[in-house]
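Beneath this line is the structure, given in structure tokens, with notes to follow.
Below, chain A is the first sequence line, B the second, and so on; all start at residue 1.
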Amino acid sequence: MSVDTVATAPSAAPARPPSRRRRPRSREERVWGALRVAAIVVLALVTIVPFVYMLVLSVRPIAEVLLEPGRLWVAPSEVTTDTYREVLTPVDDGGQGFLRYMGNSALVATVTVVVTLVASILGAYAVSRLSFRGRGASGFLFLIVYLFPPILLAIPLFVLFSQLSLRGNLLALAIVYVAQTVPVAIYMLRNYFATIPVSLEEAALIDGCTRLGVIRRISLPLSMPSLIATGLYVFMIAWNEFLFALLFLVERRDNWTVSLGLSRLSGSIEVPTTVLMAGSVVLTLPIIALFFLAERMLVEGLTSGAEKG
Amino acid sequence: MPARTDTLARQESRLAYRLISPTLLIVVVVVVLPVIWTISLAFQDVRLINLRDAGFFGEYVLDNFATVFGSSGFWSSLWTTVVYTVGATLGSIAIGLVAALALRKPFRGRGVLRAAMLLPYVAPVVAVTFVWSVALNPQFGIVNAWGTRFLGWDEPVPFLSQRDYSVGLFGVDVTVPLALLTVIAFEAWRYFPFAFLFIIARLQALPGELDEAAMVDGTSIWQRFRHITLPQLMPVIALLTILRFIFTFNKFDDVYLLTGGGAGTEVVSIRVYEFLTARTDIGAAAAQSLVLAGVLVVFIAVYLRTAAARGETS
């Protein structure tokens with residue numbers, strides 16, 4: 001696909017604009033052109049405005065919001081950071097304790113990323129490079145797990161964790177996340193491993209490298225971008241997850257994740273909406289930052305395979 | 001010589017098993033065994049109180065299924081789930097298609113916009129549902145503030161808390177399931193980026209010759225889209241439809257966080273959660289989730305066949 005665009009783009013680019021300018025645009029082209037612009041504007045507004053609204057509400061005083069709910073901007077003089085102070089302060093000091101929840105989320109997500117990456121690097125290498133009986137079957141199993149809805153796992157895991165008294169345990173939650181993310185991670189990494197020339201690995205094997213040595217010295221350094229993208233994707237899934245956090249952690253307030261904390265507090269009337277909006281920003285910002293850092297790699301990793309067929 | 005290649009092959013597969021075993025172990029322990037256990041629980045009379053004694057083998061009964069199929073609540077919730085899934089799937093793919101077509105040709109700022117359009121999909125579900133519920137709030141939400149000020153609404157609309165809402169359409173009062181429609185709109189908004197990504201990837205890989213030949217022949221833009229572009233996109237749209245259907249049919253978070261399952265939005269997954277936590281009737285929860293799983297298995301089978309067919313024709 002990339003070869004295609006490289007081959008056609010340069011020759012077409014200089015030729016087109018003049019010819020287009022010479023030929024007057026037909027009425028049909030103008031209508032569709034206008035519709036296209038309208039679609040772009042509407043889509044941009046619809047996707048971006050909710051996030052602007054989140055940000056604006058998080059710095060407006062609650063009294064102002066109740067007085068003027070329709071304002072989408074904030075005067076510099078009225079900006080307040082008290083909302084952030086309240087949402088981040090520990091519960092004991094009268095705040096909402098989100099700093100602690102962020103620590104919990106970060107811990108769960110980091111453990112999930114590390115375990116998932118180690119398991120999926122080994123698994124993806126086996127699936128993409130080695131031939132063994134059951135290779136197809138394991139691929140099938142991973143696909144099923146990827147498509148399998150979390151709500152169906154909720155019941156047995158809820159029962160199991162209750163029996164083992166693992167509810168409230170952050171590491172147990174991380175293991176559940178690993179099981180949910182490993183299949184996608186293997187899928188993303190496998191596609192990348194497959195692009196590394198086999199001859200490189202064979203040369204290393206002839207030189208006396210072991211298979212694990214090949215993975216460490218050749219596959220991993222060459223697939224760094226893909227590894228980072230996969231790691232970030234897994235981090236985002238674990239950081240955003242809600243259902244299992246709700247099922248396992250709800251009774252242990254000190255172990256809440258940010259997602260759980262926000263959803264629990266948004267039900268109560270005592271916490272002002274603007275404070276919770278600050279909580280939303282705190283929950284969303286790390287994810288958006290990571291996403292923009294790795295957007296290109298992420299998109300390629302997710303849709304690889306979509307362009308063929 | 002054959003013996004030697006045989007041992008090499010065997011060495012290779014032994015290594016492969018060792019490499020894949022951590023993944024397999026986690027998946028079997030956390031996914032496969034629990035699923036089998038759910039099937040067993042669905043046939044037992046288990047509540048949270050007698051949970052301690054619940055094991056894999058118990059007294060197998062069909063009571064749970066009788067309870068589930070006998071209650072009208074289950075059937076209405078299954079219907080809600082179907083409406084919700086079909087609406088959200090079609091909505092997200094339609095918007096995704098429009099977005100992909102609009103962003104097909106380069107323009108200044110396309111890269112940034114393309115990234116920004118993925119925000120609803122990557123942002124945490126708890127945060128975006130919270131923003132939506134505040135924006136739609138009848139007292140201090142921006143939507144109702146603008147609606148009453150600029151659009152001439154007589155009174156604020158309780159988007160997420162009212163089951164039926166009558167709107168005057170050409171002089172006729174039509175009753176619409178308001179909260180359900182709102183939840184569908186949310187779902188279409190949150191997942192159109194997913195459809196957009198797949199469709200635009202395919203769109204940019206399409207060969208241009210057919211389109212150019214048709215242009216020389218004097219066809220209209222709509223004709224070219226309808227008879228050249230769309231048919232070439234159909235395989236990826238079909239695949240997306242099945243994928244989104246599978247993911248939406250069992251969706252829990254989005255509806256739970258927006259309405260808590262109230263106002264006519266109780267989808268089956270929320271019912272399962274209610275039976276599990278509020279009613280602590282684990283057996284009935286498991287039985288209902290098996291019904292979900294049954295529907296899911298059918299769609300996964302369709303997905304696999306579609307994906308396989310797609311692989312053969314390419």
Side-chain angles (χ1 to χ4, degrees), chain A residues 1 28 32 36 39-40 43-44 47-48 50-51 53-54 65-66 69-70 119-120 122-123 125-126 130-133 138 145 147 149 151-153 155-159 162 175-176 178-179 182 211 236 240 242-243 259 262-263 266 273 276 280 283-284 287 291-292 295 299 303 306-309, chain B residues 12-13 15-17 19-20 22-23 26-27 30-31 34-35 37-38 51 98-99 102 113 115-117 119-120 122-127 130-131 134-135 140-142 145-146 149 197-198 201-202 205 220-221 235-236 246 250 252-253 257 269 272 276 282 285-286 289 292-293 296 300 310 314:
Chain A
M1 174 214 153
E28 189 201 16
W32 284 106
R36 175 166 170 263
I40 290 171
L43 284 167
T47 47
I48 296 167
F51 295 93
Y53 183 58
M54 184 197 289
V65 176
L66 293 177
S120 61
L122 302 177
Y125 186 83
L130 306 173
S131 66
F132 60 99
R133 276 183 108 191
S138 60
V145 171
L147 295 176
I151 187 75
L152 296 188
L153 288 178
I155 300 167
L157 290 179
F158 181 77
V159 175
S162 303
I175 293 301
V176 175
V178 170
V182 147
R211 280 284 182 180
M236 283 159 67
N240 290 355
F242 171 67
L243 172 61
S259 278
L262 180 62
S263 75
S266 65
T273 301
L276 291 174
S280 301
L283 166 63
T284 311
I287 291 304
F291 171 68
F292 275 101
E295 185 241 339
V299 168
T303 56
E307 63 273 0
K308 56 168 180 277
Chain B
E12 186 171 306
S13 65
L15 177 69
Y17 291 134
L19 292 182
I20 210 161
T23 303
I26 295 173
V27 166
V30 183
V31 180
V35 166
W37 198 22
T38 313
L51 184 65
V98 170
L113 184 60
M117 285 221 305
L119 284 180
V122 296
V125 59
V126 179
F130 182 63
V131 171
V134 170
F140 51 83
I142 189 166
W146 285 18
R149 199 193 304 169
L197 272 186
F198 278 81
R202 182 80 192 95
S220 71
I221 293 178
V236 77
I246 292 173
N250 300 279
F252 169 80
D253 315 15
L257 288 163
S269 58
V272 171
L276 182 64
I282 292 166
S289 78
L292 276 184
L296 188 82
I300 290 183
R310 196 163 158 257
S314 66

B/F140 side, atom CZ; A/T273 side, atom OG1 - distance, nearest 0.5 Å:
3.5 Å
Rounded distance [0.5 Å steps], OG in B/S289 versus CD1 in B/I282:
11.5 Å
Go through the atoms of [X] and report whether side chain, backbone, both or neither lie under 4.5 Å from a heavy atom of chain B.
X	value
A/S138	side chain
A/F291	side chain
A/I48	side chain
A/L153	side chain
A/L283	both

Would A/I175 and B/V30 satisfy side-chain contact (heavy atoms from CB on, under 4.5 Å), going step by step from the backbone distance to the final call?
CA-CA 8 Å; A/I175 293 301; B/V30 183; 3.9 Å; yes
Contact class of [X] relative to chain A, heavy atoms under 4.5 angstrom:
X	value
B/V272	side chain
B/L257	side chain
B/I221	both

Under 3.5 Å donor-acceptor, [X] side chain and [Y] backbone:
X	Y	value
A/Y125	A/L130	no
A/N240	B/V122	yes
B/T23	A/A119	yes

What residue in [options] has the most heavy-atom pairs under 4.5 Å with chain A?
options	answer
B/A127, B/G141, B/A285	B/A127
B/I300, B/V98, B/V125	B/I300
B/A145, B/A16, B/A116	B/A16
B/V27, B/V35, B/L119	B/L119
B/V134, B/I246, B/L113, B/L292	B/V134

Mind listing the closest non-hydrogen atom pair of [X] and [Y] along with its distance?
X	Y	result
A/Y53	B/I142	OH-N, 3.3 Å
B/L19	B/P22	O-CD, 3.3 Å
B/A99	B/M117	CB-CE, 3.6 Å
A/G70	B/W146	O-NE1, 2.6 Å

I need the residue from [options] with the largest number of non-hydrogen atom pairs under 4.5 Å to chain B.
options	result
A/S266, A/S263, A/S131	A/S131
A/L157, A/I287, A/L152	A/L152
A/V182, A/V178, A/L276, A/V65	A/L276

